[in-house]
Amino acid sequence: MASSFFSFFLIFLSVVSAVKLPLSPFSHSDQSPKDPYLSLRRLAESSIARAHKLKHGTSIKPDEEALSSTATASATVVKSHLSPKSYGGYSVSLSFGTPSQTIPFVFDTGSSLVWFPCTSRYLCSDCNFSGLDPTQIPRFIPKNSSSSRVIGCQNPKCQFLFGANVQCRGCDPNTRNCTVPCPPYILQYGLGSTAGILISEKLDFPDLTVPDFVVGCSVISTRTPAGIAGFGRGPESLPSQMKLKSFSHCLVSRRFDDTNVTTDLGLDTGSGHKSGSKTPGLSYTPFRKNPNVSNTAFLEYYYLNLRRIYVGSKHVKIPYKFLAPGTNGNGGSIVDSGSTFTFMERPVFELVAEEFATQMSNYTREKDLEKVSGIAPCFNISGKGDVTVPELIFEFKGGAKMELPLSNYFSFVGNADTVCLTVVSDNTVNPGGGTGPAIILGSFQQQNYLVEYDLENDRFGFAKKKCSP
């Protein structure tokens, strides 16, 4: 592509059990001696900001009929590597272009567009993440690829983001020969954002090629450590464009942040689960139908049929309006790999946190620590020997239970004397229920689980598994 074209959009310069706490501390390299809780607080703040975006974010209506990419492959399951990062997400590398350029992306099931940092002029502000030099973020260089093409405004794939009524300024509506490009996009991701244009590129795997893949070429971003690989339900997502039958992952422990430890992200392009067969060992629950509301962002999410939450053997009675989305789209649960900590709307969180506090009342609450760390409740366990911590269990439709390992919902904070619940909420209390999903299952709670998104049979499967080698 001509480099002069990119000047066009540079103007867009966002049951109770006794255990010995096999937990991991938060001690990332961006911690300051003056503020030892900085990393943890940033993860909590970003999880809450992410929840606000998912709960309130709007998206331009896509056109489902615009899909046309056809993959050519010699394999039905292709794999990429997932690795944990201290910025709170998991990274996957994908290869685009001719010849291929390999770029790291944040793996995100809560959004749909795949985009990469693009051109040598790419700018990222407020991107000083642990172990990351903003000036060294890998970029895709379109002029080095012979297969890069700008998506035109009248190209049906422009409708992925802008809908059937996209405004093509300067185009004669009576002709299909307009050369005006698809309008620039601006996307918000919690605390981060990005802006750019849509291009068509070749997506390469070792045994599979996807031609004419729609990908965002972003020239400016804020608080985004890498591009985003959108795995949501929108037509522009990677699963939709590749027509995946399913995809699966096993997220390694966050103890391996910023190391060379990886696991596979499996993409099934072939036979899928014939006649509803199951992957051995997995428990399944059907996805809940997405609410049909004006906020089309809700159509991109993977809604779960969460029925009950247990703290130890105690069933925490969550009002139904929080467990199932209403006709206005408010309430219900989604699963989101782009959120670090699980988010619960304030009334739900308070019920769960209070039950932990009740069952752990023999330990001293560390309320000052809760204020500076951004998570709660926290307990001082010094001098207690074996520590009794209630289990946290999510029960889904069909009886599937996600019985979380202790390290998935409690962590040492500051030192070996204090543990905190790694579930977050905001300070907004709305007795009538807030906007959007009430519960967002984050990646921290999915550590060491084999998780499968069975798109062909519209169900969610999971099982405990040691994901690290």
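These figures come from a predicted structure and were not determined experimentally.
- Side-chain contact annotation: Y185 with T194, donor-acceptor N/O pair under 3.5 Å absent.
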Exercise. Can you list the steps and then say if C467 with C250 is a disulfide bond (SG atoms under 2.5 Å apart)?
Worked result: CA-CA 6 Å; C467 298; C250 195; 1.9 Å; yes

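- Within the model, atoms CG of L450 and NZ of K464 stand 14.0 Å from one another, a figure rounded to the nearest 0.5 Å.
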Exercise. Yes or no on side-chain contact (heavy atoms from CB on, under 4.5 Å) for M242 and L208, after CA distance, side-chain angles and deciding distance?
Worked result: CA-CA 10 Å; M242 290 183 63; L208 178 144; 3.8 Å; yes

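- Judged by distance alone, the side chain of E395 and the main-chain N or O of R307 form no donor-acceptor pair under 3.5 Å.
- A tilted orientation is assigned to the rings of F462 and F460, their planes being inclined by 30° to 60°.
- Annotation: salt bridge (charged side-chain N to carboxylate O under 4.0 Å, His left out) contacts of E403 (sequence neighbours excluded): none.
- The ring-ring contact (aromatic ring centres under 6.0 Å, His included) search around F349 returns none, not counting sequence neighbours.
- At most 12 heavy atoms of other shown residues, nucleotides or ligands fall within 6.0 angstrom of atom NE2 in H81.
- Summarising the local packing, CG of N292 is surrounded by 12 or fewer heavy atoms from other residues, nucleotides or ligands at distances under 6.0 Å.
- Ring geometry for W115 against Y189 counts as tilted: the plane angle lies between 30° and 60°, on a 0 to 90° scale.
- In this structure, K397 places its NZ atom where only 12 or fewer heavy-atom neighbours from other residues, nucleotides or ligands lie under 6.0 Å away.
- Under the 30°/60° scheme for interplanar angles, the aromatic rings of Y302 and F287 are found to be tilted.
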For this session: In sequence, state the C-alpha distance, the side-chain angles, and the governing distance for S443 and S337, and then conclude on side-chain hydrogen bond (donor to acceptor under 3.5 Å, both in side chains).
Result: CA-CA 5 Å; S443 62; S337 68; over 6 Å; no

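- Between the side chain of D126 and the backbone N or O of R223, no donor-acceptor pair lies under 3.5 Å.
- Side chain of D336 to main chain of I440: no donor-acceptor pair is present (N/O by atom type, distance under 3.5 Å, no hydrogens or angles).
- Counted by atom type alone, S407 and Q447 present zero donor-acceptor pairs between their side chains at under 3.5 Å.
- Ring geometry, F410 versus F356: the interplanar angle exceeds 60°, so the pair is classed perpendicular (tilted spans 30 to 60°).
- Between the side chains of S339 and S47, not a single donor N or O lies within less than 3.5 Å of an accepting N or O.
- Under the 3.5 Å distance criterion, the side-chain polar atoms of R233 are left unmatched by any main-chain donor or acceptor of S111.
- Separation of atoms CD (E236) and CD (E300) is listed at 5.5 Å; rounding is to 0.5 Å.
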Problem set entry | Candidate pair F343 and L54, rule side-chain contact (heavy atoms from CB on, under 4.5 Å), full reasoning | CA-CA 11 Å; F343 174 91; L54 293 173; over 6 Å; no

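- Judged by distance alone, the side chain of S145 and the main-chain N or O of G97 form no donor-acceptor pair under 3.5 Å.
- Taking CG of L251 as the start and OG1 of T263 as the end, the distance is 6.5 Å to the nearest 0.5 Å.
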For this session: Show the numbers, then the answer: is there a disulfide bond (SG atoms under 2.5 Å apart) between C217 and C118?
Result: CA-CA 5 Å; C217 171; C118 195; 1.9 Å; yes

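- Neither side chain, T285 nor N305, offers a donor N or O lying under 3.5 Å from an acceptor on the other.
- Separation of atoms OG1 (T269) and CG (L244) is listed at 7.0 Å; rounding is to 0.5 Å.
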For this session: Evaluate the criterion ring pair (Phe, Tyr, Trp, His ring centres under 6.0 Å) for residue pair F116 and F96; output intermediate values, then yes/no.
Result: CA-CA 10 Å; F116 40 50; F96 285 93; 5.5 Å; yes

For this session: Apply salt bridge (charged side-chain N to carboxylate O under 4.0 Å, His left out) to D108 and R50, showing your working.
Result: CA-CA 12 Å; D108 185 11; R50 168 80 173 186; 2.3 Å; yes

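- Between D204 and T209, the side chains place a donor N or O and an acceptor N or O closer than 3.5 Å (distance only, hydrogens not considered).
- For the pair S112 (side chain) and G234 (backbone), a donor-acceptor distance under 3.5 Å is present.
- Between S200 and the choices V214, I151, V215, the side chain to side chain contact (heavy atoms under 4.5 Å, CB included) rule is met once, by I151.
- In terms of modelled atom types and a separation under 3.5 Å, the side chain of D207 and the main chain of V78 share no donor-acceptor contact.
- With hydrogens and angles disregarded, a donor-acceptor distance shorter than 3.5 Å links the side chain of N328 to the backbone of N330.
- A cation-pi geometry, defined here as NZ or CZ lying under 6.0 Å from the six-membered ring centre and within 45° of its normal, does not hold between R139 and Y122.
- Counting heavy atoms from C-beta on, the side chains of V166 and P183 come closer than 4.5 Å.
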Exercise. Which is it for L132 and K85 under the side-chain contact (heavy atoms from CB on, under 4.5 Å) test, yes or no, and what are the steps along the way?
Worked result: CA-CA 10 Å; L132 179 69; K85 298 296 181 180; over 6 Å; no

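- Relative orientation of the H249 and Y453 rings is tilted, given thresholds of 30° and 60° on the angle between their planes.
- Contact of the V335 side chain with the V451 side chain is not registered, since no non-hydrogen atoms from C-beta on lie closer than 4.5 Å.
- The distance from the OG atom of S100 to the CZ atom of F140 is 8.5 Å, given to the nearest 0.5 Å.
- A distance-only check finds a donor-acceptor pair linking the side chain of Q445 to the backbone of T422 [under 3.5 Å].
- For the atom pair OG (S246) and CG (N457), the distance works out to 9.0 Å, reported to the nearest 0.5 Å.
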For this session: Under the side-chain contact (heavy atoms from CB on, under 4.5 Å) rule, what do K55 and E345 come out as? Steps first, then yes or no, please.
Result: CA-CA 10 Å; K55 288 165 67 60; E345 205 161 283; 2.5 Å; yes

